[in-house]
Each structure stands twice: as structure tokens, then as C-alpha cells.
Amino acid sequence: MAVVIGVLALQGDVREHLAAVEQAGGVGVPVRTREEIARVDGLIIPGGESTTVGKLLDRFGLMEQVRSLPDEGKPIFGTCTGMILLAKTIEASDQPRIGVLDIAVRRNAFGRQVDSFEEDLPVEGVEGGPVRAVFIRAPYVTDVRPGVQVLAEVDGHPVMVREGNLLAAAFHPELTDDVRVHRLFIKMIEQAKKRRKA
Ligand code: GLN
């Protein structure tokens, strides 16, 4: 049975994630309401602007529901803005957040000069060579607490991490044709689904 992955469709590059999910062998559905979120096996939070998306999650009454997904065996994958919203600590910010992933992040961490860049990034758990990673005003991780596994780094800064049912990347795996990172997320969901049934 294919896994159903919701892509939070409040803002950001939703369509690209839906296409990547399908190409990776999952079923992708855009989600905006509690009813839609209740039907998915896993959730992707795409890139965008994290303050806006956090406020919208609050306004639409979705924050608590999203927060409880990982404990219900429904993994979440946050990219860029999604990584920021998953983090428990956001440097110098009290913006609304999901706040379940035990890391600290710095927004726009790579600075103005390198606003956006691409890099061939080796990712732990992804076989067959490095992933072409696109960074757009990306955050990086400034603190990783016990239980969090670092899967990729740029200049010694973690840019992809996993903690249990949570996956987060500072870059945009949906913007290339390479869907190996989405496959990794699908594998996480399949394992979580099996445990849910056991
Ligand atoms: N800089 C944005 C933020 O802080 C994230 C950029 C992105 O998602 N591409 O939310």
C-alpha cells in the first residue's frame, strides 16, 4: 500500500513537493484543514517564510494537531522554513512554531552574500553519491541535542537532521529531479506505519 503524504499548502513550493512525492512512489495530497491532515501517513512542511506559516498554523487551528503527529507514528519532514518551524529553538525569535525537534536553528544563516547556492552534498542514509542541494536564504543548525542525528553538513554546520519520526533539511530537495531524499522520508513513514500496526 502506497503511503499518503500531505504537503502543508498554506504557503511555499507545494506543487514541487507533490511532484517529488509522486515520483518517489508515494501519494501526495495538499493539506490545509484538520480533516485533510487527519488522513495522511506523514506530512511535509515546505519552504516559504517561517513567520507567516507559523502564524497561519495558529490561525487555522492546526498547530496542536501537527505537533502531535510524530507521537502518533506519522513522520514530519520540514524543508527550509519547515526545518525552522520544527525546531524547538529559533535564535533571536519568539515566532510561533511547531517546536518538536530538539535543535536550535539560525534563520538566513548563510548570510546575504550567499543568499542562495547549490552544493553536492553527501547525505547519510542516501546511497548512490551526493545529493544536489539547493539552498535559498537557508537556515542552519546551531545546536544538536542528544537523540538527534546529523545527516549532512555544510562547512561544519548541520543542514539535515533526523530525530525519530522527524526529518529536517535546510535545503530544497523538491527543486531537483533527484528524489532520493523523498524516498528516505517514504521509508521512514513505511517503518512508522508498520510500528503503528504492530
Ligand atoms: N528564510 C526563510 C525563513 O526564515 C526560509 C527560506 C526558505 O524556506 N527557502 O523562513
Side-chain angles (χ1 to χ4, degrees), residues 5-21 28 30-32 42-60 62-63 66-67 69 75-121 123 131-144 148 150-155 157-163 166-182 184-185:
I5 301 183
V7 178
L8 188 69
L10 301 178
Q11 196 212 34
D13 51 349
V14 176
R15 206 177 317 147
E16 291 82 354
H17 268 297
L18 290 170
V21 164
V31 294
R32 290 183 193 81
L43 181 70
I44 290 177
I45 302 174
E49 206 285 316
S50 59
T51 311
T52 308
V53 178
K55 281 188 192 149
L56 292 174
L57 280 169
D58 264 342
R59 183 171 325 148
F60 297 141
L62 305 175
M63 197 65 103
V66 171
R67 221 169 253 154
L69 289 177
I76 305 180
F77 178 25
T79 60
C80 202
T81 274
M83 172 187 253
I84 296 166
L85 288 171
L86 286 177
K88 285 191 179 166
T89 308
I90 305 170
E91 283 192 358
S93 172
D94 60 0
Q95 67 191 85
R97 72 203 62 180
I98 301 159
V100 286
L101 174 56
D102 215 357
I103 56 171
V105 295
R106 181 176 304 164
R107 293 177 63 182
N108 304 311
F110 289 98
R112 278 237 186 105
Q113 306 86 314
V114 283
D115 206 65
S116 302
F117 62 100
E118 293 187 27
E119 180 153 330
D120 289 320
L121 195 67
V123 176
V131 166
R132 187 80 186 153
V134 180
F135 292 83
I136 305 169
R137 289 182 291 284
Y140 62 57
V141 177
T142 54
D143 190 25
V144 173
V148 179
V150 175
L151 305 181
E153 291 182 343
V154 170
D155 298 336
H157 303 295
V159 291
M160 185 165 169
V161 296
R162 177 176 177 180
E163 183 185 17
L166 299 166
L167 183 68
F171 56 95
H172 292 266
E174 74 286 7
L175 294 183
T176 66
D177 289 336
D178 184 348
V179 296
R180 286 176 294 161
V181 170
H182 284 79
L184 175 75
F185 184 51

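Whatever order the structure lists them in is the order used to number ligands and atoms, beginning at 1. Because the structure is a prediction, the values reported are computed rather than measured.
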Main-chain N/O of [Y] paired with [X] side-chain donor or acceptor, under 3.5 Å:
X      : Y      : answer
Glu163 : Asp102 : yes
Arg97  : Lys88  : yes
Thr81  : Gly48  : yes

Going by the rule salt bridge (charged side-chain N to carboxylate O under 4.0 Å, His left out), which residues pair with Arg32 if we only count those two or more places apart in sequence or in a different chain?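 For Arg32, no residue satisfies salt bridge (charged side-chain N to carboxylate O under 4.0 Å, His left out) once neighbours in sequence are set aside.
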Taking non-hydrogen atoms within less than 4.0 Å of ligand 1, which protein residues qualify?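 Residues near ligand 1: Gly47, Gly48, Glu49, Ser50, Cys80, Thr81, Ile84, Arg107, Asn108, Ile136, Arg137, His172.
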Can you list the residues that meet the side chain to side chain contact (heavy atoms under 4.5 Å, CB included) rule with Val105, with sequence neighbours excluded? Met83, Ile84, Ala87, Ile90, Ile103, Val141
Mind checking side chain to side chain contact (heavy atoms under 4.5 Å, CB included) for Thr176 and listing every partner two or more places apart, or none if nothing turns up? Arg132, Val134, Asp178
